[in-house]
Amino acid sequence: MKAPLISLIEQALANLRNAGTLPGDAATAYVLERAKNREHGDFATNVALALAKPARSNPRALAQALVAALPQNTLLQKVDIAGPGFINFFLSPVAYHEEMRHALDQGPRYGSNRLAAGRKTVVEYVSANPTGPLHIGHGRAGAVGDSIARLLTVSGADVAREFYYNDAGVQIENLARSTQARARGCKPGDADWPADAYNGDYIGDVAQAYLRGDSVAFENHVVAGAKNPDDLDAIRQFAVAYLRREQNADLAAFGVKFDNYYLESSLYQDGKVEETVRELIKHGHTYEDGGALWLRTTDFGDDKDRVMRKSDGTFTYFLPDVAYHLAKWQRGYTRAITELGADHHGSLMRVKAGLQALGTGIPKDYPEYVLHQMVTVMRGGEEVKLSKRAGSYVTLRDLIDEVGRDATRYFLIARKSDSQMVFDIDLARSQSNDNPVYYIQYAHARVCSVLRQLDERGLRWDRANGLAKLAQLDGEHETALMVEISRYPEVVEAAATSLEPHLIASYLRELAQALHTYYHAHQFLVDDVDVRDARIALAVAARQTIANGLDLLGVSAPEQM
RNA sequence: GCGCCCGUAGCUCAGCUGGAUAGAGCACCAGCCUCCGACGCUGGGGGUCGGGGGUUCGAAUCCCUCCGGGCGCGCCA
């Protein structure tokens with residue numbers, strides 16, 4: 001609904017420039033936003049305040065001139081000037097009725113936009129190494145990353161979801177040795193238990209499956225356990241396959257999917273690592289010192305230079321990261337979003353520096369990072385410590401089983417991702433008013449229930465008639481609901497622009513509240529056919545909007561609870 | 001010590017690129033089911049927006065500083 005208003009404002013500004021009221025080169029950085037208060041209309045702009053100085057006028061006088069220069073439009077009912085010089089726009093009811101028509105006509109596409117139209121985008125998230133079960137942090141990464149992918153998709157982008165994992169490094173070697181030790185009957189604490197081993201019980205499960213000769217299928221591979229505890233290479237391959245399969249199963253249960261699985265080992269096989277090193281050297285940002293090859297990341301804002309090839313000839317972790325992001329670029333992704341735990345933020349600068357040092361024209365803001373902060377898990381009023389080494393461990397699978405997929409996803413997405421958050425298992429489990437996800441889902445189910453009632457009473461909803469008769473809905477709660485629904489496209493745009501899916505979560509709560517309030521204030525299934533059709537039209541528009549919003553969060557919209 | 005994130009009602013958190021009297025949920029108090037599902041609705045109390053400066057018509061929002069949390073600062077990932 002904003003676009004036509006902005007167009008009107010721009011026309012008014014052009015008129016004033018032509019009339020000499022405004023200088024031709026006046027900057028037009030102004031804001032058009034939803035008025036917080038209904039008394040201030042539907043939208044308000046500070047354009048007169050922003051332009052008062054360059055126009056050498058006072059804000060209220062300029063506002064008067066602007067309003068006078070505003071073209072006539074049927075969408076506008078009234079335009080006021082208030083306070084220091086705000087211009088308040090009161091939309092006509094027809095503007096909202098048309099928006100309800102859009103919501104119903106566009107259905108699942110209501111709220112989509114063209115912000116990122118056609119941009120080939122890769123969204124990378126989770127990217128856990130296959131050394132153990134996924135924990136709640138991975139859950140947050142999955143919920144946030146997946147939701148961002150959905151937001152960009154409805155914004156027109158051509159999105160690929162990607163999972164990157166290390167299948168060759170030191171940690172994998174550790175995994176293999178740990179599994180081997182288990183296969184030989186050792187346990188943590190035994191004299192010959194490896195020093196840096198993974199102590200979790202799940203390693204024992206992997207070892208047993210290996211010894212049984214189980215067959216593990218994952219990501220188009222099948223790996224069978226070779227049963228031989230001395231074959232470390234076979235153990236490594238089996239353990240990676242086993243844990244990857246488990247992680248994939250957990251993510252699938254969480255509703256988080258991927259288009260690509262990208263292996264670190266492939267970067268070596270395809271020569272991408274060597275190519276990256278070669279290019280970095282060629283562009284003169286490297287030097288040797290102490291037998292190691294350094295990258296002069298300080299040329300690009302880092303506080304010290306970084307080793308890229310160690311004196312033993314192997315690479316530090318960040319070089320494959322640079323090679324990996326180069327590969328994203330080379331695969332044609334002009335936009336890359338990388339979702340990471342905030343504990344990795346130290347590596348961002350290095351990877352970006354490496355990409356710039358390549359001199360291949362990769363933009364400075366490539367990739368765009370979205371970080372998520374730690375999640376503290378509470379159960380029974382106490383913090384549950386997460387540790388791969390210790391026994392106490394809440395896995396993502398535990399949460400899905402205990403709390404449910406929808407509530408877990410909602411809780412993990414409802415907070416701004418760069419804020420630390422507390423995940424209270426007892427709260428998330430409670431199916432009460434403590435729990436916003438059920439409140440929102442219930443609003444959706446309620447409308448479904450009304451339609452079932454309609455059917456049971458042998459009545460029929462005439463959609464076209466309902467839309468035509470929306471003018472009969474002029475009550476306070478009905479208007480409020482229309483306003484909420486019409487905000488949805490703006491919220492989607494804001495969330496997609498800032499890569500902040502939590503905005504959708506907050507919005508949905510407000511929308512659900514408006515619907516519940518409306519539900520209590522008015523009866524839907526009344527005898528007056530026109531009023532009935534109109535009220536159902538509004539309710540269905542709300543239901544559609546809730547369903548669309550929940551889908552962006554990866555949360556289901558049940559027809560009954 | 002340096003860098004990044006954060007500090008808003010008793011608790012958990014919103015507050016969009018600065019805007020018009022600071023919001024929601026929970027908890028607490030008082031009401032609402034002969035009525036389309038009460039997993040709901042209505043009303044009420046409750047805040048020096050961590051402290052202090054600055055920028056300007058206007059600051060929870062931007063800048064500086066201090067205090068208090070978290071996370072990073074390896075030839076680990």
Side-chain angles (χ1 to χ4, degrees), chain A residues 29 31 33-37 39-40 44-46 49-50 52-53 58-59 82-86 88 129 131 166 169-171 196 264 289-294 302-304 306-318 320-321 341-349 371 373-374 376 411 414-416 418-424 427 430-439 441-443 445-454 456-457 490-491 493-495 497-498 500 502-503 505-507 509-510 512-513 515-526 535-536 539 560-561:
Chain A
V31 177
E33 60 186 359
R34 290 271 171 180
K36 287 177 189 166
N37 191 330
E39 293 167 22
H40 298 145
T45 180
N46 64 346
L49 296 165
K53 193 168 281 180
N58 79 65
F86 290 104
N88 294 332
N129 283 338
T131 56
N166 171 319
V170 178
Q171 295 188 33
D196 295 320
E264 183 184 3
D289 185 44
L293 185 64
W294 295 69
D302 203 355
D303 56 350
K304 51 184 160 184
R306 308 289 169 174
V307 170
M308 48 189 263
R309 190 174 61 215
K310 296 180 262 185
S311 48
D312 67 4
T314 63
F315 298 105
T316 57
Y317 75 92
F318 104 90
D321 277 355
D343 55 340
H344 288 82
H345 77 257
S347 76
L348 311 191
M349 177 87 80
L371 302 182
Q373 288 286 348
M374 291 191 0
T376 305
F411 267 68
R415 309 288 183 238
K416 199 165 44 175
D418 66 0
S419 295
Q420 292 172 234
M421 65 168 288
V422 174
F423 190 103
D424 187 328
L427 183 69
S430 71
Q431 301 201 1
S432 67
N433 15 343
D434 303 4
N435 202 328
V437 69
Y438 297 117
Y439 181 87
Q441 289 181 321
Y442 182 46
R446 252 188 161 164
V447 177
C448 295
S449 179
V450 168
L451 294 181
R452 282 194 297 271
Q453 273 291 322
L454 182 81
E456 282 172 23
R457 295 184 191 185
E490 294 157 32
V491 175
E493 279 200 24
T497 300
S498 59
E500 292 184 332
H502 77 277
L503 296 175
S506 317
Y507 164 78
R509 188 156 205 313
E510 289 160 13
Q513 181 167 41
L515 180 69
H516 284 308
T517 298
Y518 175 42
Y519 179 92
H520 278 269
H522 296 282
Q523 193 81 8
F524 290 73
L525 304 179
V526 293
R535 285 185 178 158
I536 294 175
Q560 49 192 333
M561 308 285 289

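Everything numeric in this text was worked out from a predicted model, so none of it was measured.
- Between rG72(B), rG15(B), rA38(B), one nucleotide has an atom nearer to the side chain of Arg446(A) than all others, and that is rA38(B).
- RNA chain B is contacted by both Ala342(A) and Asn166(A); Ala342(A) maps to the nucleotide lying nearer its 5′ end (nearest heavy atom per residue).
- Closest to the side chain of Val422(A), from the set rC13(B), rG40(B), rC71(B), is rC13(B).
- At the phosphate of rC75(B), neither OP1 nor OP2 sits under 4.0 Å from any side-chain N or O atom of Tyr317(A).
- Each of rC41(B), rA20(B), rA14(B) was ranked by its minimum atom distance to the side chain of Phe86(A); first place goes to rA20(B).
- Backbone-only contact: Arg457(A) has heavy atoms under 4.0 Å from sugar-phosphate atoms and none from a base.
- Remark: the Asp343(A) side chain and the rG72(B) base include no donor-acceptor N/O pair separated by less than 3.5 Å.
- The side-chain ring of His502(A) is not stacked on the base of rA14(B), judged by centre separation under 5.5 angstrom and plane angle under 30 degrees.
- Under the 6.0 Å distance and 45° angle rule, Arg446(A) counts as a cation-pi partner of Tyr519(A).
- Taking each heavy atom of Val307(A) and Ala292(A) in turn, the nearest pair found is CG1-CB, 4.1 Å.
- Within the 4.0 angstrom heavy-atom criterion, no nucleotide atom of any strand lies near Gly341(A).
- In this structure, Met421(A) and Gln373(A) have side chains that are not in contact, with every pair of non-hydrogen atoms separated by 4.5 Å or more.
- Within the nucleic acid shown, Asp303(A) has no heavy atom closer than 4.0 Å to any nucleic acid atom.
- For a distance-only test at 3.5 Å, the side chain of His344(A) fails to qualify as a donor-acceptor partner of the base of rG72(B).
- For Gln171(A), the side-chain atoms get nearest to rA77(B) when compared with the rest of rA24(B), rG69(B), rA77(B).
- A 3.5 Å limit on both hydrogen-bonding distances identifies rC41(B) as the Watson-Crick or G-U partner of rG31(B).
- Between Glu510(A) and Leu49(A), the residue whose closest nucleotide on RNA chain B is further toward the 5' end is Glu510(A).
- Tyr519(A) comes within contact range of at least one nucleobase, with a heavy-atom separation under 4.0 Å.
- At a cut-off of 3.5 Å, with distance as the only test, no side-chain donor of Asn129(A) or Thr131(A) sits close to an acceptor on the other residue.
- At the heavy-atom level, Thr517(A) lies under 4.0 Å from the strands shown only through sugar-phosphate atoms.
- No donor-acceptor contact under 3.5 Å links the side chain of Ser449(A) to the base of rC36(B).
- Taking every side-chain heavy atom of Met374(A) into account, rC71(B) is the closest of rC71(B), rG74(B), rA24(B).
- Residue Thr316(A) places its side chain closer to rA77(B) than to any other of rG69(B), rC6(B), rA77(B).
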